[in-house]
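Just the heavy atoms: all of them, side chains too, but no hydrogens, waters or symmetry mates, feed the values below.
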Amino acid sequence: MTHAHITSWLITIVLFFLAVSMERQRADKAKIVQMVLRLFYILTIATGGLLLHSIASISALYWLKALAGLWVIGAMEMVLAAEKKGKSAAAGWTQWVIALAVTLFLGLLLPLGFDLF
């Protein structure tokens, strides 16, 4: 299940950058990419929930990582909404970078992640 979760959030990040670039170009297919991106939000949340459910004893760090992961998705939507309205997305990008860094750090730190830290 870990590989499915990693694959889903990697595809989500790629689709996010694709959606932002298409929105900046005002491409006709931007809405389709955003809907596929939202499907991958659901897949990422579902696989993350299954991983969280599979842990025998859940520490507070796992809950913090789950909340940070939801924060990443929220920041992605903030960036896309600002881009669509033609407003500055600096606050959304800042939140996205911070949330992604926290989520990746906790994901690599906790036992279900890779052994980097």
Asker: How many angstroms lie between NE2 in His5 and CG in Leu52, if you round to the nearest 0.5 Å?
Answerer: 10.0 Å
Asker: Rounded to the nearest 0.5 Å, how far does CD of Gln34 lie from CG of Leu39?
Answerer: 14.0 Å
Asker: Angle between ring planes, Phe17 versus Trp93, binned at 30° and 60°: parallel, tilted or perpendicular?
Answerer: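 Ring orientation, 0 to 90° scale: parallel.
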Asker: Could you point out which residue of Val20, Leu10, Val36 forms a side-chain contact (heavy atoms from CB on, under 4.5 Å) with Leu15?
Answerer: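 Per the side-chain contact (heavy atoms from CB on, under 4.5 Å) rule, the option paired with Leu15 is Val36, out of Val20, Leu10, Val36.
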Asker: Report yes if the side chains of Leu80 and Lys84 come closer than 4.5 Å at any heavy-atom pair, otherwise no.
Answerer: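 Answer no - side chains too far apart.
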Asker: For Leu18, which of Ile13, Leu37, Val33 qualifies under side-chain contact (heavy atoms from CB on, under 4.5 Å)?
Answerer: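 That would be Val33.
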Asker: What pairs with Trp71 under ring-ring contact (aromatic ring centres under 6.0 Å, His included), at least two apart in sequence or on another chain?
Answerer: none
Asker: Distance from Thr2 atom OG1 to Leu51 atom CG, nearest 0.5 Å?
Answerer: 4.5 Å
Asker: Nearest 0.5 Å please: distance from the CG atom of Leu108 over to the NZ atom of Lys65.
Answerer: 9.0 Å
Asker: To the nearest 0.5 Å, tell me how far Ile73 CD1 sits from Phe40 CZ.
Answerer: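 It is 12.5 Å, given to the nearest 0.5 Å.
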Asker: Test of understanding: clusters of I, L, V, M, F, W, Y form through side-chain heavy atoms closer than 4.5 Å, transitively. Do Met78 and Trp96 belong to the same one?
Answerer: no
Asker: Give me each pair satisfying side-chain hydrogen bond (donor to acceptor under 3.5 Å, both in side chains) with a member in residues 9-21, each pair once, sequence neighbours excluded.
Answerer: Thr12-Thr44
